[in-house]
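Values reported hereafter were calculated over all heavy atoms of this structure, with side chains retained and with hydrogens, waters and symmetry mates removed. Here is how names work: the chains are called A, B, and so on, in the same order as the sequence lines, proteins then strands, and each is numbered from 1.
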Amino acid sequence: MTNPQIGPKGHEPRLRVLTCGSVDDGKSTLIGRLLYDCDQVAEDILESAREHSPSGALGPGGLDFSYLLDGLSAEREQGITIDVAYRSCVVLGRTCQIADCPGHAQYTRNMATAASNCDVAIVLIDARTGLLEQTRRHVRICSMMGITRLAVAINKMDLVDWSESKFAAIEIAFRDFAKEFAFHSLNVIPVSAPFGVNLVNRAPELGWYHGPTLAEWLSAVEVSHKDQAQVRLAIQWVSRAPDGTRAYAGPLISGCLHQGQEILIGPTAYPARITRLYRSAEVVERAEAGDAIAISLDRQVDLSRGDWIYTKEQIADFSNQIAADIIWFSDQALAAGRSFWLKGQGAWIQGSVTRIRHKICLDTGQKIAADSLSINDIGLCNLITTQPILCDPYIEGRSCGSFLIVDAVSHATVGVGLIRNALRRAANITPVTAAVDTQTRALRYGQQPRVIWLTGLSGAGKSTIAKLTEQVLWAQGRATALLDGDNLRSGLCQDLGFTEADRVENVRRTAEAAKLMADAGLIVICALISPFARDREMARSIVGPDRFVEVFIDTTIEVCADRDPKGLYAKARQGLIPNFTGVSAPYEAPISPDLRIATYDTSAEAGAQIICDFIQAGG
Amino acid sequence: MNLADMRSLRELEAEAIHVIRESAGAFLRPILMFSIGKDSMVLLHLAAKAFAPGPIPFPLLHIDTTWKFKEMIAFRDRIAREYGVDLIVHTNQDGLDQGINPIVSGASIHTNIMKTIALKQALDHHRIDVAIGGARRDEEKSRAKERIFSFRSVGHGWDPRGQRPELWGHYNTRLQEGESMRAFPLSNWTELDIWSYIQLENIEVVPLYFSKARPVVRRSGTWIMVDDDRLPLEPNEVPELRSVRFRTLGCYPLSGAIESQAGTVAEILEEMLASRFSERQGRLIDGVGSSSMEAKKREGYF
Ligand SMILES: Nc1nc2c(ncn2[C@@H]2O[C@H](COP(=O)(O)OP(=O)(O)O)[C@@H](O)[C@H]2O)c(=O)[nH]1
């Protein structure tokens, strides 16, 4: 008996292996059997898996090999693997970290997640069914995610009488399909998972096959760690030594650095020289890609978490307009205009999609025109960001060329982006700073510009209070402007309806207009139903959080429907107005508005006074 | 052989340091959950490396159930001093007042009240937004799916479906009021990696990991050490001296020892070559059912 966990390891990095296949292709069985044949399963684990195996399981002692894997009770109940699981296995002396990735149709997200961290992939195909739509989708995702070495395991050979011709037909079909991806290496291997054929051991039934077994392939497959010359160090942390010197710490994602090297700090391209180089606490001469390092510099610089270090040999491009492939994870579709947080190895940056150029059919690879991305869609998009973002193309380095997309309100990760290229260099679009600046305007008008954003149900009293507020401010000698939703819809926004996408756009335009007016020094009052929290959040970020005041005109739907000044509730209740907020479309009340005015116990005049007092007080 | 040659350990080390730095950089009030065991020691060692030449910028938190081995407590206090870190020790006083203990209350209740609830109390009290822990994916099946940054809702709930996808080593660390994270820098390490690293880096661990003649009694197929006189003995039970060591450490009445002669790290590594059992077999709490770990986790045990 050899040891279950150890192997002659250490001299090379782990091989990170993705496994993918459709439900019931036998993926869990294959991984379980591989672990078992590599003697990687401890006795007590084996015992407990045997106990839980269904009767009639094919493995030795009534073991169902897939029970060595499926960890969560939720997935046992459903009989499917619902998430990505990782485990280590020493295969013929090489340490592999195997990502078990679900085959269920909806799980593009998990597949992409697993693929992002893998070097090579094993794709399973059921010998009885051959290539399925699922297989094609999985292979396309592998290729997009940058996996270039594949083993295709044609499983359940026992159920097709170990037929060489069946195998050959699937192999030909697969190679034909895979041509477009130009994989660096592609092996097709006939196997039978529960019987352990061609995993580690061979069997006479497949005597006609002379290629490598799956284990042989795993132990030999080469991973081109493309020795990228470009230096990319992401700063995570600034530490201060007892003597007061600073060390800037982070992962050296690619390239090499040495003591004394001249570097540049991004995005400002400020130069400096390395005076001291630490690799996990030790002072070293040289560090290479993959190391956790820290550097000290020869001069005082403005360098903090989220900045980049690179060299002038491989200039890093920073831009606030980029093109990226987006993989969408959220139930709520992606539409242009909404703003999100973006997070790669650098700083958190706000950005939004300006245009969806097309989406990609995962089955055929065709480009399809689209104006939104639904869950599990992949599409090429243009984005703008509020600050310049590092624009390394994904194909040149996965971790520098990618980012997470995070919802501004819920903070859920709703998608990911794979950068194609910069659309414009940041350097070329330095915004024109008006010669007459904010300060000058504030002096002239004797006021700080503000955008007062009134949100609430139709009939809540937004327009009335907005008008009164403007009158009071005007009387105080303020320079003001009023943007009322109803009025805007007959002009600036006349092309927009009440679908969700149109509402987003309506809010965006109003916010942009308000921003321009605030830039001109005015106090702007906006009255807009703006039912979605994330849209108001977008408005806040367009206008700038410092000068945005969110006012919630809080009135119950019953009161609004009672008042019904325009007769709209009555119509909506009869179903004559689709997407009517509060009746057939949701209203998300602000959780912590800057001001809340309850109009059922406050008069409109008093409400306006509250707002003016708030502004007066400098809020 | 040193670390520079051990490519796979060096890679694991770099990944762990990245996660530790991220925990410090992206959160307001990080803490390192220090259980005193070997994984905690590796974690502490890595934290020292991550912030060098500066100090470790967060305190250690130890949940003291009052039933830890005496040796562990002495070791804990000395190590905190030597590493120059603040140590917060928390005990669930309510639980103590109710007389909860592993012997009368049983393993599950004791663990729930003195460990899980105690941990929540401490995290809430100090308003911790990220708690760094030493859990590994190879420890247990349900852990295999755990994230490196594991999201906890208000009230520390863990929802296996609500976890955030982790791609390319980018971490979504944004939280709302009351939400928190657990960070697991050692996720991809195996027990063997831990011991190999301890050997290479010469990290000190509690002597209970090494074999020595200790007073033990046989219970439920494992050896329980009689660490003090709180362990009631059955009428026919007589503690005997046996050469034993522990693979995992916790409350002494719940930690099973194995018979062994391994007195050094090298000998432990050698013994592991021959072992056919996973390290959790000594942990009495697990036997309750194969989904018990996962249930623990939903309750916030980890
Ligand atoms: N006869 C036969 N059955 C197999 C083979 N591989 C898997 N199975 C069975 O196919 C079913 C699905 O396998 P499982 O590993 O759970 O599939 P997964 O959904 O891809 O993880 C189980 O009943 C397995 O026992 C094979 O090569 N031959």
Side-chain angles (χ1 to χ4, degrees), chain A residues 1 3-6 9-14 42-45 48 52 69 71-74 82-88 95 97 109-110 112-113 116-117 236-237 239-242 247 249-251 278 280-281 290-292 294 305 329 341 343-345 398-399 402-404 406 411-413 416, chain B residues 1 3 5-11 13-14 17-18 21-22 24-25 46 48-55 57 137-138 140-145 160-161 163-172 174-176 179 187-188 190-192 196 269 272-278 280-281 290-291 294:
Chain A
M1 194 186 300
N3 121 74
Q5 300 168 29
I6 201 171
K9 53 191 260 169
H11 290 285
E12 51 178 345
R14 297 164 292 168
E43 289 291 345
D44 48 326
I45 308 255
S48 124
H52 291 97
L69 294 169
L72 298 182
S73 52
I82 57 165
D83 210 324
V84 188
Y86 298 93
R87 60 204 81 229
S88 290
T95 306
Q97 183 184 304
R109 150 188 155 153
N110 295 341
T113 303
S116 75
N117 302 320
Q236 275 186 291
W237 179 262
S239 72
R240 278 171 197 80
Y278 302 86
S280 12
D291 289 339
R305 181 174 158 77
F329 293 166
W341 285 107
K343 178 71 171 86
Q345 291 292 313
R398 295 201 274 185
S399 105
S402 57
F403 52 86
L404 308 176
V406 175
H411 297 169
T413 302
V416 294
Chain B
M1 187 148 28
L3 196 59
D5 301 324
M6 292 285 285
R7 290 222 48 105
S8 70
L9 277 185
R10 184 161 148 187
E11 194 184 37
E13 179 191 63
I17 289 177
H18 181 243
R21 286 172 176 168
E22 203 62 14
L46 287 165
K49 284 193 171 200
F51 303 107
R137 284 175 174 150
D138 83 324
E140 211 272 341
K141 277 196 289 186
S142 82
R143 289 260 178 105
K145 328 218 143 175
R161 288 160 193 272
Q163 294 300 312
R164 296 173 174 175
E166 294 181 339
L167 296 91
W168 305 290
H170 306 333
Y171 300 110
N172 173 1
R174 292 194 95 80
L175 296 176
Q176 279 165 349
E179 295 171 344
S187 285
N188 291 324
T190 61
E191 188 186 11
L192 189 81
S196 308
L269 279 164
M272 284 181 66
L273 291 172
S275 166
R276 297 291 318 171
F277 293 91
S278 72
R280 289 211 156 221
Q281 65 157 350
S290 78
S291 298
E294 192 190 331

Would you mind telling me which of A/Tyr278, A/Trp341, A/Phe329 has the largest number of heavy-atom pairs within less than 4.5 Å of chain B?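 Result: the option with the highest number of such pairs is A/Trp341.
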Who among A/Ala412, A/Ser402, A/Gly344 has the most heavy-atom pairs with chain B under 4.5 Å?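 Sorted descending by pairs with chain B, the first entry is A/Ser402.
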Closest non-hydrogen atom pair, [X] against [Y]:
X        : Y        : answer
A/Ser239 : B/Pro53  : OG-CD, 3.7 Å
A/Thr413 : B/Asn172 : OG1-ND2, 2.8 Å
B/Arg21  : A/Gly250 : NH1-N, 3.2 Å

Answer whether the closest heavy-atom distance between the side chains of A/Ser280 and B/Ile17 falls below 4.5 Å. yes
Determine whether B/Asn188 and A/Arg14 make a side-chain contact, defined as any pair of heavy atoms from C-beta on separated by less than 4.5 Å. yes
Answer with side chain, backbone, both or neither: which region of [X] has an atom nearer than 4.5 Å to a non-hydrogen atom of chain B?
X        : answer
A/Ser88  : side chain
A/Arg305 : side chain
A/Ala249 : both
A/Phe403 : backbone

Run the side chain to side chain contact (heavy atoms under 4.5 Å, CB included) test on A/Thr95 and B/Ser8 for me, step by step, so that the C-alpha distance in whole Å, both residues' side-chain angles and the decisive distance to 0.1 Å come before the verdict. CA-CA 8 Å; A/Thr95 306; B/Ser8 70; 5.5 Å; no
Reported [atom1]-to-[atom2] distance for the pair [X] and [Y], which is rounded to 0.5 angstrom:
X        : Y        : atom1 : atom2 : value
A/Lys343 : B/Leu167 : NZ    : CG    : 13.0 Å
A/Gln97  : B/Arg137 : CD    : CZ    : 7.0 Å
B/Trp168 : A/Gln345 : CH2   : CD    : 11.0 Å

Counting only non-hydrogen atoms closer than 4.5 Å, does B/Leu46 touch chain A with its backbone (N, CA, C, O), its side chain (CB onward), both, or neither?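 No part of it gets close to chain A.
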Is B/Glu166 in contact with chain A via its backbone, its side chain, both, or neither, using a 4.5 Å heavy-atom distance?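 Backbone of B/Glu166 only, per the 4.5 Å heavy-atom cut-off to chain A.
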Under 3.5 Å: donor-acceptor pair, side chain of A/Gln236, backbone of B/His18: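 Between the backbone of B/His18 and the side chain of A/Gln236 there is a qualifying donor-acceptor contact (under 3.5 Å).
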Strictly distance-based, threshold 3.5 Å: is any side-chain N or O of B/Arg164 a donor or acceptor partner for the main-chain N or O of A/His411? yes
So A/Val416 and B/His170, side chain to side chain contact (heavy atoms under 4.5 Å, CB included) or not? Walk me through it. CA-CA 10 Å; A/Val416 294; B/His170 306 333; over 6 Å; no
